[in-house]
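The structure appears below as structure tokens.
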Amino acid sequence: MPGLSAATGGRILFGGDYNPEQWPEETWHEDVRLMKDAGVNSVTLGVFSWAKLEPHPGAREFGWLDTLMDLMRDSGIGVVLATPTSSPPPWMGRLHPDTLPVTEDGRTEWWGGRQHFSHSSATYRRYAAAITEDLAARYGGHPALTMWHINNEYCTFDHGDEAAAAFRRWLREKYGTLDALNTAWGTAFWSQGYDSWDGILPPRQPHYMKNPTQVLDFRRFTSDMLLECYVAERDIVRRHTPHIPVTTNFMPLWSGQDAWRWAEEEDVVSVDLYPDPRDPLGAQHGALVQDMTRSQARGPWMLMEQAAGPVNWRGVNHPKPRGLNRLWSLQAVARGADAVCYFQWRQSRQGAEKFHSGMVSHAGEEGRTFQEVKRLGADLARIGGHVTGSAIQAEVAVLHDWHAWWAGSQDGRPSSHVDHPDVLRAWHRALWEAHLTTDFAHPEHDLSAYRLVVVPQLYLLTDAAIDNLLAHVRGGGTLVCGFLTGIADEDDRVRPGGMDARLRELFGIRTLHEWWPLDAGETVACQSFTGSLWSEEIEAAEDAETIPYRGGELDGLPAVLRRGRAWYVSTLPEAEALRDLLAEIAAGAGVRPVLDGLPAGVEAVRRGDLLFLLNHGREPVTVEVPGSHRDLLSGSTPTDKVTLGRYGAAVLQP
Ligand code: GLA
């Protein structure tokens with residue numbers, strides 16, 4: 001299958017969503033002039049163009065898109081052509097209410113916004129296939145076409161009747177018999193036993209807490225149904241253009257899709273990333289999403305969307321201070337992106353996103369936003385030929401799994417304060433601050449490339465995943481697990497002893513007596529640090545090494561356990577302590593940081609033979625880098641040290 005390199009041709013793709021249907025034709029020519037000025041080489045057309053392309057059922061209005069495709073061809077700008085299927089035209093909901101999704105409490109999601117389609121609706125799928133077929137037939141041979149972009153940020157849930165029928169089909173295929181389903185769902189509890197497939201519903205709003213395995217299966221079903229929609233459109237475009245790569249854009253750390261599964265179906269993995277410019281951990285969040293996307297892609301990936309300035313969907317929407325757009329874009333390249341794109345090219349004057357920034361803001365060509373975009377375009381052109389296609393070597397893997405997230409995030413838990421993404425962020429941050437380059441992996445993936453495997457929290461682990469973790473340690477690898485790991489099997493059935501016995505044995509946990517979740521703001525003292533969120537009453541095996549809790553009910557009991565190369569952490573250590581603990585464990589496993597002695601706030605990443613240095617601080621810093629280098633950004637040739645200005649960056653070639 002063609003990959004991202006088929007579209008980049010050795011350059012970093014630079015551009016964004018282009019919605020020219022919002023503008024008169026004169027503006028299109030102005031757009032092209034500015035795009036060329038900024039070094040834009042890629043635009044995504046058609047994401048929300050369904051009503052324009054098919055104003056009435058079955059009609060086709062391609063003339064405007066013909067003009068734009070030709071304009072892009074003549075300007076040397078590649079087109080990522082989107083299927084418009086994430087926002088059906090109003091006529092579809094009006095004529096076919098069965099295409100509209102229904103929430104768990106029975107509310108219809110009407111047209112007038114976007115993404116109002118039911119993944120299970122045969123009518124929706126028929127219309128989506130037809131417009132996709134016609135787009136592919138018409139533009140498959142167009143020289144401007146570089147990539148297909150299917151739909152946009154798949155994210156809908158549906159609890160309606162057609163989805164209910166599809167859910168039953170999905171369950172029949174999974175379980176075969178009602179007995180098997182009743183056993184897996186534990187329906188002996190609360191008189192939930194099913195005597196007929198027809199009685200099974202999506203988890204619609206009940207009087208009191210829902211059946212957790214029903215909810216878990218519904219999450220799996222929803223991800224699968226959306227994937228079916230994607231695959232159906234992908235197969236259509238592939239039939240017309242087997243040489244053109246296909247993608248769909250993920251939302252970062254979004255709970256609705258099992259992105260490991262989805263990534264297998266994509267030629268190019270792409271993501272939309274919008275850290276809050278005011279968030280002191282914005283760069284860390286970016287690094288996490290970038291590491292995860294690279295790992296899903298197993299190589300270079302596409303930053304499909306970011307914002308050149310403010311978004312408009314937070315309570316308060318802050319612009320990016322001078323230099324930050326460039327810095328965060330270079331961070332993405334450092335962590336494997338071969339495409340740096342935006343939502344959107346030109347800021348809208350109407351519609352729900354008129355206060356969302358664009359590469360060309362309302363201030364126009366003279367505005368700071370566009371001027372900084374231009375500078376970035378020149379930077380990316382300078383480094384593109386050196387960086388595209390090159391790999392990042394990581395000796396540490398963080399394990400993540402959507403099924404564990406879904407199962408571990410339901411009602412009726414010991415603590416609703418434990419938030420799966422927050423725990424993941426805390427652990428990735430510790431590795432990031434220790435300058436340890438980190439991949440993500442699925443718990444059943446081959447882990448043999450990694451010296452250190454880190455499991456922040458995997459509440460649900462399949463038997464195969466547990467075997468995989470044990471094999472990793474047996475094979476000489478080091479493993480660190482956080483609390484609430486290995487609690488449930490794949491049906492969300494609690495494992496005997498409250499945590500998988502083989503894992504308990506591995507870590508030297510003789511008995512897990514009780515969990516002691518902590519209130520918001522509450523902390524627990526340990527010998528060398530403070531923990532929050534969670535603590536555990538554990539009786540350790542005799543040969544386990546431990547760091548004990550100090551004071552309180554758990555005084556003297558182990559907070560951290562270690563047996564050989566396997567570590568278990570039963571609380572959430574404060575940020576510095578977790579960083580130091582992981583740095584120490586990594587050193588013991590033979591894993592070195594990218595550079596030693598980096599000043600605070602400086603991130604270092606090696607990609608291929610290049611060293612990226614990124615200063616996330618507002619003050620200039622000097623970084624010691626032994627040897628002579630060429631900085632591909634500035635053209636300078638520093639020896640032994642490099643000075644980075646506020647939000648400054650260097651890309652050093654030996
Ligand atoms: C998402 C969507 C875009 C736009 C941006 C705004 O990423 O894909 O269409 O709505 O959000 O941030």
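Keep in mind that this is a model prediction, so the values were computed, not measured. Both counts, for ligands and for their atoms, begin at 1 and track the order of listing.
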With heavy-atom distances below 4.0 Å as the criterion, list the atoms of ligand 1 near [X].
X: N152; value: 2 (C), 8 (O), 9 (O)
X: F48; value: 9 (O)
X: W313; value: 6 (C), 12 (O)

Nearest-0.5 Å distance that lies between atom NE2 in H119 and atom CD in E228
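Between atom NE2 of H119 and atom CD of E228 there are 10.0 Å.
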Using a 4.0 Å heavy-atom cut-off, say whether [X] meets ligand 1 through its side chain, its backbone, both or neither.
X: M251; value: neither
X: H356; value: side chain
X: Q115; value: neither

Quick one about [Y] and [X] (side-chain donor to acceptor, distance below 3.5 Å, no hydrogens or angles considered), yes or no?
X: D17; Y: W345; result: no
X: Y230; Y: D235; result: no
X: H356; Y: N317; result: no

Shortest reach to atom 3 (C) of ligand 1 by a heavy atom, considering only E305, E353, E153
E305
Compute both the distance and the angle, then confirm whether R346 meets the cation-pi test with W23: under 6.0 Å from the six-membered ring centre, within 45 degrees of the axis.
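Yes.
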Quick one: nearest non-hydrogen protein atom to atom 9 (O) of ligand 1, plus distance?
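It is R114 NH1, 3.1 Å.
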Using a 3.5 Å cut-off on N or O atoms only, is D17 in polar contact with ligand 1?
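No, D17 has no N/O under 3.5 Å of an N/O on ligand 1.
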For R429 and Q284, indicate whether the former's side chain and the latter's backbone hold a donor-acceptor pair under 3.5 Å.
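Here the side-chain-to-backbone pair does not exist.
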I'd like to know if R322 pairs up with E372 as an ion pair, taking the criterion as any Lys NZ or Arg NE/NH1/NH2 lying under 4.0 Å from an Asp or Glu carboxylate oxygen.
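Salt bridge: no.
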